[in-house]
There are 2 protein chains.
Amino acid sequence: MAIDRDSVLNAAVGVLSRQPNAAMDEIARAAGISRATLHRLFPGRDALVREVGALGLRRFTQALDDARVDEGDTVAAVRRLVDAVIPVAQLCAFLTGESKLYEDSEINQAWDRLDARVRALFLRGQQEGAFRIELPAAWLSEAFLDLVAGVGWAVQDGRLAPRDSAHALAELFLGGATRRPATP
Amino acid sequence: MAIDRDSVLNAAVGVLSRQPNAAMDEIARAAGISRATLHRLFPGRDALVREVGALGLRRFTQALDDARVDEGDTVAAVRRLVDAVIPVAQLCAFLTGESKLYEDSEINQAWDRLDARVRALFLRGQQEGAFRIELPAAWLSEAFLDLVAGVGWAVQDGRLAPRDSAHALAELFLGGATRRPATP
DNA sequence: CCAGAATGAGACACTCATGTCTCATGTCAG
DNA sequence: CTGACATGAGACATGAGTGTCTCATTCTGG
């Protein structure tokens, strides 16, 4: 029986995104392994949580890279970002739900860097005149991240179909964040 | 020294909205009282958490009533709801952050009723042609609640000015949720 | 000022989660 | 089939958090 570390991590994400303080017992059960085996895979609960956190940050950062958010039209960049970030929405839900994670200064700094990039994207949108300048970029960043997390939860609970999620997120967010054409 | 139960509850909300599994020690410290006194006020941690949860649900439900969400134009109703719900944004953050709360069937049912009312509002908006029908009402409800929570966190962290919060929430959400005028 | 009530501090018993370890069982490759 | 390795089950020690309680101190109203 070869335990697939990745699917154990995935199961952990599924539990932790809903319950950040879930016990190792619960996580092991969700992964279909024993607690002893879980401890063999990760040197402790702290290490598991940190690893899930780091994975989320890495994946989200990768999504920003893949979406080439610094290139071209901002609205198109956000659409690309949404497409890139949807597969890691659940990880994002964990990142926004577990405040204890940020007691680790490395993780805290990585989060700040990520948030700064997201904020810079919206600031660029505002400077280009595509985004609404009266909405603070910090709010746009907060809102975007919370909506990504919301997608993670809604899809997990079956309240939102996976194939609808990118469109739902992009349209709701961009519809609100971008300037409307001036009414004649 | 008269302990003001309401401000103890408020302090608890402030801590629990960020860390749903915060210890009684932390909550007591944040409230400026001893743990013993906290236990004298609430018959246990469970009872405190349930009371905060019930308070949040009651307040949110009151906001729906105050905003008269079933009356008149849907967009105006959502604006009224935003104004009514902003003062309880932090409570909402707790409601969306603590999944263990819903193991209590009474609280779970109250949440479902609240969610159903929010969803019905958006469905009405869709039926009236004001809201976008391609965005599932369940998603709109999820997004709205998550954005309210996001306001709670952002204001608490000083990333969003309280006076900007209602406008920020209403414009972002409604901008995305409502139909744009057809382009000629 | 004084008595009663309220509060804080600290101790203690208990529960639960964690980490660690042992041993029996299961799995897999040669 | 067999040996090596992996895994599960269970036991145990430990620490953190909870609930409960006592006692000293503080507060408050008459």
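This structure is a prediction, so every number in the text was calculated from the model and none was measured. Order of the sequence lines sets the chain letters (A, B, ...), proteins ahead of strands, with each chain counted from 1.
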Write down the distance between [atom1] ([X]) and [atom2] ([N]), rounded to a whole number of angstrom.
X: B/Asp4; N: C/dT7; atom1: CG; atom2: P; result: 11 Å
X: B/Ile33; N: D/dT26; atom1: CD1; atom2: C1'; result: 16 Å
X: A/Ile3; N: C/dC28; atom1: CD1; atom2: P; result: 10 Å
X: B/Arg29; N: C/dA9; atom1: CZ; atom2: C1'; result: 14 Å
X: B/Leu38; N: D/dT20; atom1: CG; atom2: P; result: 13 Å
X: A/Arg5; N: D/dA6; atom1: CZ; atom2: C1'; result: 16 Å

Review point. Under 4.0 Å: is that the gap between some side-chain N or O of B/Thr37 and OP1 or OP2 of C/dT7?
Key: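 So the side chain of B/Thr37 is outside the cut-off, no N or O lying under 4.0 Å from OP1 or OP2 of C/dT7.
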Might you list the N or O atoms of the protein lying below 3.5 Å from N or O atoms in nucleotides 16-18 of chain D, with each pair's distance?
{"unit_1": "D/dT18", "atom_1": "OP1", "unit_2": "B/Arg45", "atom_2": "NE", "d": "3.0"}
{"unit_1": "D/dT18", "atom_1": "OP2", "unit_2": "B/Met24", "atom_2": "N", "d": "2.9"}

Exercise for review: In sequence, state the C-alpha distance, the side-chain angles, and the governing distance for B/Arg132 and B/Glu134, and then conclude on salt bridge (Lys or Arg N to Asp or Glu O under 4.0 Å).
Suggested key: CA-CA 6 Å; B/Arg132 297 165 65 150; B/Glu134 84 272 17; 2.8 Å; yes
Exercise for review: Would you confirm whether the ring centroid of B/Phe173 sits within less than 6.0 angstrom of the ring centroid of A/Phe173?
Suggested key: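 Distance test on ring centres: not under 6.0 Å, no.
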Review point. Can you tell me how far OG of A/Ser34 sits from CD1 of A/Ile3, rounded to the nearest 0.5 angstrom?
Key: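 Answer for the CD1-OG pair, A/Ile3 versus A/Ser34, is 8.0 Å.
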Practice item. Begin with the C-alpha distance, continue with both residues' side-chain angles, and end with the deciding distance and a verdict on side chain to side chain contact (heavy atoms under 4.5 Å, CB included) for B/Val78 and B/Phe131. Key: CA-CA 11 Å; B/Val78 172; B/Phe131 278 62; 3.8 Å; yes
Practice item. Kindly check if the number of other-residue, nucleotide or ligand heavy atoms within 6.0 Å of CZ (B/Arg159) is above 12? Key: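 It does: B/Arg159 CZ has more than 12 such atoms within range.
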Point to revise | Residues B/Arg18 and B/Asp157 bridged, charged N to O under 4.0 Å | key: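 Yes, charged N to carboxylate O under 4.0 Å.
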**Study point:** Cationic N near anionic O, under 4.0 Å, A/Glu51 to A/Arg5
**Key:**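 Yes, A/Glu51 and A/Arg5 are salt-bridged.
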Review point. Between the side-chain atoms of B/Arg40 and the base atoms of D/dG19, is any donor-acceptor pair under 3.5 Å?
Key: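 Per atom types, no contact qualifies.
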Check your understanding: Roughly how bent is the helix from C/dC1-D/dG30 to C/dG30-D/dC1 end to end, in steps of 10 degrees, with each end axis from five pairs?
Key ->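 Both end axes considered, the difference amounts to 30°.
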Check your understanding: Any side-chain hydrogen bond (donor to acceptor under 3.5 Å, both in side chains) pairs touching residues 77-87 of chain A, not counting sequence neighbours?
Key ->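 Sorted result for residues 77-87 of chain A: A/Arg79-A/Glu171.
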Exercise for review: Compute whether any side-chain donor of one residue and acceptor of the other, for B/Thr74 and B/Glu128, lie under 3.5 angstrom apart.
Suggested key: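 Side-chain D/A pair, B/Thr74 to B/Glu128: present.
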